[in-house]
Amino acid sequence: MTEFENLKASYTATIQFGLATNVGYLESKRGNEVLHEFCKQLVENSDYYDNDKRAMNQELELLKETLNKEIEAYYQHG
């Protein structure tokens, strides 16, 4: 599962980089949506078992929500 851990870390780092470079609130929100969907597609197209894919997608959903909260807090829109 190291590939999945690397995927989550890259997803998080990309959003945090956007925040650090002040890409803007709407762009951050859209970026989170796009990256989340991209990661979900990578998981769905992987060779993992269906149960593992479900668990990974649940983790990605939690990560997306966490990053949304981070974006909201950063731009104080929440």
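Being a predicted model, the structure only gives us computed values, none of them experimental.
- Across all non-hydrogen atoms, the minimal contact from Y74 to L19 is OH-O, 3.0 Å.
- Here the straight-line distance linking atom NE2 of H36 with atom CD of E33 works out to 7.0 Å at 0.5 Å rounding.
- Side-chain atoms of F4 and L42, non-hydrogen and from C-beta on, never get closer than 4.5 Å to each other.
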Show me the side-chain donor-acceptor pairs of residues 10-18 shorter than 3.5 Å, one per line, residues at least two apart or across chains.
unit_1, atom_1, unit_2, atom_2, d
S10, OG, N6, O, 3.0
Y11, OH, N32, O, 3.4
Y11, OH, N32, OD1, 2.6
T12, OG1, K8, O, 3.0
T14, OG1, S10, O, 2.7
Q16, NE2, E70, OE2, 3.3

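- Note that CD of E59 and CG of N57 are 10.0 Å apart. Values are rounded to the nearest 0.5 Å.
- With Y25 as reference, E72 is the one residue of E72, Q76, R30 to meet the side chain to side chain donor-acceptor pair (under 3.5 Å) rule.
- Note: Y75 OH to K29 NZ = 11.5 Å, rounded to the nearest 0.5 Å.
- With hydrophobic clusters built from ILVMFWY side chains whose heavy atoms lie under 4.5 angstrom apart, I71 shares a cluster with F38.
- Within the structure, every pair that satisfies the salt bridge (charged side-chain N to carboxylate O under 4.0 Å, His left out) test and touches residues 40-49, not counting sequence neighbours, is listed here: E37-K40.
- Connection of V23 to L35 is not established within any shared hydrophobic cluster, with ILVMFWY side chains joined at heavy-atom distances below 4.5 Å, either directly or through further cluster members.
- A 4.5 Å side-chain heavy-atom check between N68 and K64 finds at least one atom pair inside the cut-off.
- Distance check: C39 SG to L63 CG gives 8.0 Å after rounding to the nearest 0.5 Å.
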